[in-house]
Structures are given as structure tokens and as C-alpha cells.
Amino acid sequence: MQASIETRDLTRRFGSFIAVDRLTLRVERGEVFGFLGANGAGKTTAIRMLCGLLQPSSGTGKVAGCDIQTETDGIRSRIGYMPQKFALYPDFSVEMNMRLYGGLYGLKGQALRDRMDVISRLLNLEPLLSQRTDSIPWGWQQRLNLACAILHKPEILFLDEPTASVDPVSRRHFWDIIAELAASGTTIFVTSHYMDEVEYCGRVAILVQGRIAALDTPVGLKTTYGHASLGEVFLDVVERAQTTSSTQ
């Protein structure tokens, strides 16, 4: 079966700085794949390459069967991307933002209206549709961000710290939606700094200085490193990788 995401030795340099260093991974269809790393580890750079927004310096990759260097238009039509920073129009209403992003993905007429109805109910956005986006709380803005990313039923959904600064109840709701999307066959590629969230992932990769330092299921990682929590595993993996790097 064709992987949803597959890379080999994917690398991105900025001058002499290597942001992503020979990234090799395979993510299966319908998998919830966690991508962890400290700030500056290379997570966002890797996602931008996978989304066709940034050309790699070397290496190869395919997303939804499309080459990340030569078939970027094909990738963008098949994925949803929710970036770290709020990417919608604050002076538009919730409904206007959804209509705009639906239109950008080719939805129109009754098909767009039907899809907006489904997503509004799914994310409980119906009471907010007429409100200006900058007038609603941050957690609800993030729900709108997610709504716009999934309006077109993407095969693969990239979520870059989607629950940052969101309250615990909203975070739990986000992950209920993520589980529902994965169950329907959508592949989820997600970064997060909340270790309790990462427990919901099928597999987790820990990125240190642009390289994958560990990759396994949450249970497998805890067993391998002898810790009861993923937070402890993460700190252990980072410390070991940094120690190894400093001695080379």
C-alpha cells in the first residue's frame, strides 16, 4: 500500500545551518503521527517542505503520492494545513472565512454550503457564524482554523501545534475530532508540546537538531527508555542526542 507520507534523506539548509537533517520516515494512511521536538528542532521546516511550501536542499519525499519538489500543486489540493500562527482574516466573519477557504479549494454553491453546515456542527461553530473572527475567544479561533483546513476533506491533515494556548476542555475536543478524522481514513501529522496529547498518537517521532532521535509507539518509547511518561522520554532522548552530538 502506498504511504501517505514518505521521505528519504530529506534535508533543508539555510546557509551553513542545517534545519532538517536527512529526515527519513513513512506515515501510513489513517495514521495519527506525532512529530515532537523543542523549539528550533526543525518541525515547522519539515512540515513546510512536506506541504510543498519550501523546497528541500536535498533528499526526496512524496505526500499523497505526489513528489514534494515537482508536484506541489497536487499536494496542496490533497492536504489541509493548520499552521502555528492564526492564518485567517480577523476582520471577516466566521462564515466569510469558511466561504473564502472553501472557494480556494474549489468548493462552491450547494456543495460548499453543505460542507460548511457539516463542519459548523462538528466544531460547534453554528452560533458564531455571523461574528467577526477577531471578536471570538482564541480557542474558538483555533476551531475556525481547523474548520477551514478540513472543509475540502483532505487526505492528509498537517497540524502544527494546533492546541497551543488552548484551554484543556477545548484541547480534549480537538483530539476527539482528530480521532474521528483518522477513523474515517484521514492521515494526521501533528506537532505538539503537550505530552498528554501525544499519547493519542499511533506513533511518535522525536526530532533533535533536525534529526529523528527516536521513533516508536508511545508505549514502545516508554518501554525502550524505561520511563512512565512521554515527557520523561522526551527529555531523555533530547539529552542523549545532544550528548552524542557534542562528543562527535
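Everything numeric here is computed off the predicted structure, so don't read it as measured data. We use all heavy atoms of the structure for the numbers below, so side chains are in, but hydrogens, waters and symmetry mates are not.
Each of Glu199, Glu197, Glu180 was evaluated against Trp175; a single residue qualifies, Glu197, per the side-chain hydrogen bond (donor to acceptor under 3.5 Å, both in side chains) test.
When the side chains of ILVMFWY residues are joined at heavy-atom separations under 4.5 Å, either directly or via intervening members, Tyr105 and Met116 end up in two distinct hydrophobic clusters. In this structure, Leu10 is a member of the same hydrophobic cluster as Ile212, with clusters built from ILVMFWY side-chain heavy atoms closer than 4.5 Å. The cluster map of Ile, Leu, Val, Met, Phe, Trp and Tyr, joined by side-chain heavy atoms under 4.5 Å apart, puts Tyr200 and Leu123 in the same cluster. In the hydrophobic cluster analysis, where Ile, Leu, Val, Met, Phe, Trp and Tyr join through side-chain heavy atoms closer than 4.5 angstrom, Ile79 is grouped apart from Leu159. Val238 and Tyr194 fall into different hydrophobic clusters, where Ile, Leu, Val, Met, Phe, Trp and Tyr residues are linked whenever their side-chain heavy atoms come under 4.5 Å apart, directly or through other members.
Distance check, rounded to the nearest 0.5 Å: CG of Leu125 to CG of Leu146 gives 9.0 Å. Between atom CD1 of residue Ile68 and atom CG of residue Leu54 there is a gap of 9.0 Å, rounded to the nearest 0.5 Å. How far CG of Leu144 is from OG of Ser93: 9.0 Å, rounded to the nearest 0.5 Å. Annotation: the span from Arg13 atom CZ to Thr45 atom OG1 amounts to 13.5 Å, rounded to 0.5 Å. Going from atom CD of Glu31 over to atom OG of Ser4 covers 8.5 Å, rounded to the nearest 0.5 Å. Atom-to-atom distance recorded for Ile47:CD1 and Thr191:OG1 is 5.0 Å, nearest 0.5 angstrom.
Looking only at side-chain heavy atoms (C-beta outward), Lys62 and Gln2 stay at 4.5 Å or farther from each other. For the pair Gln242/Val208, a side-chain contact is recorded, criterion being any heavy-atom separation below 4.5 Å from C-beta on. Within the 4.5 Å cutoff, the side chain of Arg78 has no heavy atoms near those of the Ile156 side chain. Between Leu151 and Met98, some side-chain heavy-atom pair lies under the 4.5 Å cut-off. Contact check for Leu36 versus Leu230: no side-chain heavy atoms found under the 4.5 Å cut-off.
Side chain of Thr7 to main chain of Leu23: a donor-acceptor pair is present (N/O by atom type, distance under 3.5 Å, no hydrogens or angles). Without hydrogens or angle criteria, Ser184 side chain to Leu181 main chain gives a donor-acceptor distance under 3.5 Å. When atom types are taken as modelled, the side chain of Gln69 and the backbone of Gly59 share a donor-acceptor pair closer than 3.5 angstrom. With hydrogens and angles disregarded, no donor-acceptor distance shorter than 3.5 Å links the side chain of Glu161 to the backbone of His193.
When the shell of 6.0 Å around NZ of Lys222 is examined, it contains more than 12 heavy atoms from other residues, nucleotides or ligands. Remark: Arg172 CZ is packed, more than 12 non-hydrogen atoms of other residues, nucleotides or ligands lying under 6.0 Å away. Within 6.0 Å of CD on Glu239 lie no more than 12 heavy atoms contributed by other residues, nucleotides or ligands.
The two residues Phe234 and Ala38 have their closest heavy-atom pair at CZ-N, 3.7 Å. Taking each heavy atom of Thr11 and Met49 in turn, the nearest pair found is O-SD, 4.1 Å. Gly30 and Thr187 make their closest contact through N-OG1, 3.0 Å (heavy atoms, listed as atom of the first residue, atom of the second, distance). When all heavy atoms of His152 and Ala149 are compared, the closest pair comes out as CE1-O, 3.2 Å. When all heavy atoms of Asn145 and Pro83 are compared, the pair lying nearest together is ND2-O, 4.3 Å. Contact detail for Val20 and Ala46: the closest heavy-atom pair is CG2-N, 3.8 Å.
Ion pairing between a basic and an acidic side chain is recognised when a charged N comes within 4.0 Å of a carboxylate O; Arg240 and Asp236 show such pairing. The pair Arg26-Glu28 meets the salt-bridge criterion, since a charged nitrogen lies less than 4.0 angstrom from a carboxylate oxygen.
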- Message: Working note: Arg76 + Leu53, criterion side-chain contact (heavy atoms from CB on, under 4.5 Å); need CA distance, chi angles, decisive distance, verdict.
- Response: CA-CA 9 Å; Arg76 290 169 193 165; Leu53 300 173; 4.1 Å; yes

- Stepwise side-chain hydrogen bond (donor to acceptor under 3.5 Å, both in side chains) check, Gln142 with Ser170: CA-CA 9 Å; Gln142 286 295 78; Ser170 295; over 6 Å; no

- Using the side-chain contact (heavy atoms from CB on, under 4.5 Å) rule, take Val233 and Val204 through it: C-alpha gap first, then chi angles, then the decisive distance, then the call. CA-CA 11 Å; Val233 170; Val204 176; over 6 Å; no

- Message: Please evaluate residues Arg113 and Asp117 with respect to the criterion salt bridge (Lys or Arg N to Asp or Glu O under 4.0 Å), reporting the C-alpha separation (whole Å), side-chain torsions for both, the decisive distance (0.1 Å), and the verdict.
- Response: CA-CA 6 Å; Arg113 290 191 292 271; Asp117 287 343; over 6 Å; no

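Residues passing the ring pair (Phe, Tyr, Trp, His ring centres under 6.0 Å) test with Phe92, sequence neighbours excluded: Tyr89. Checked against ring pair (Phe, Tyr, Trp, His ring centres under 6.0 Å), Phe189 has the following partners two or more places apart in sequence or in another chain: Phe33, Phe35, Phe158.
Cation-pi geometry between Arg143 and Trp140 is met: under 6.0 angstrom from the ring centre, within 45 degrees of the axis.
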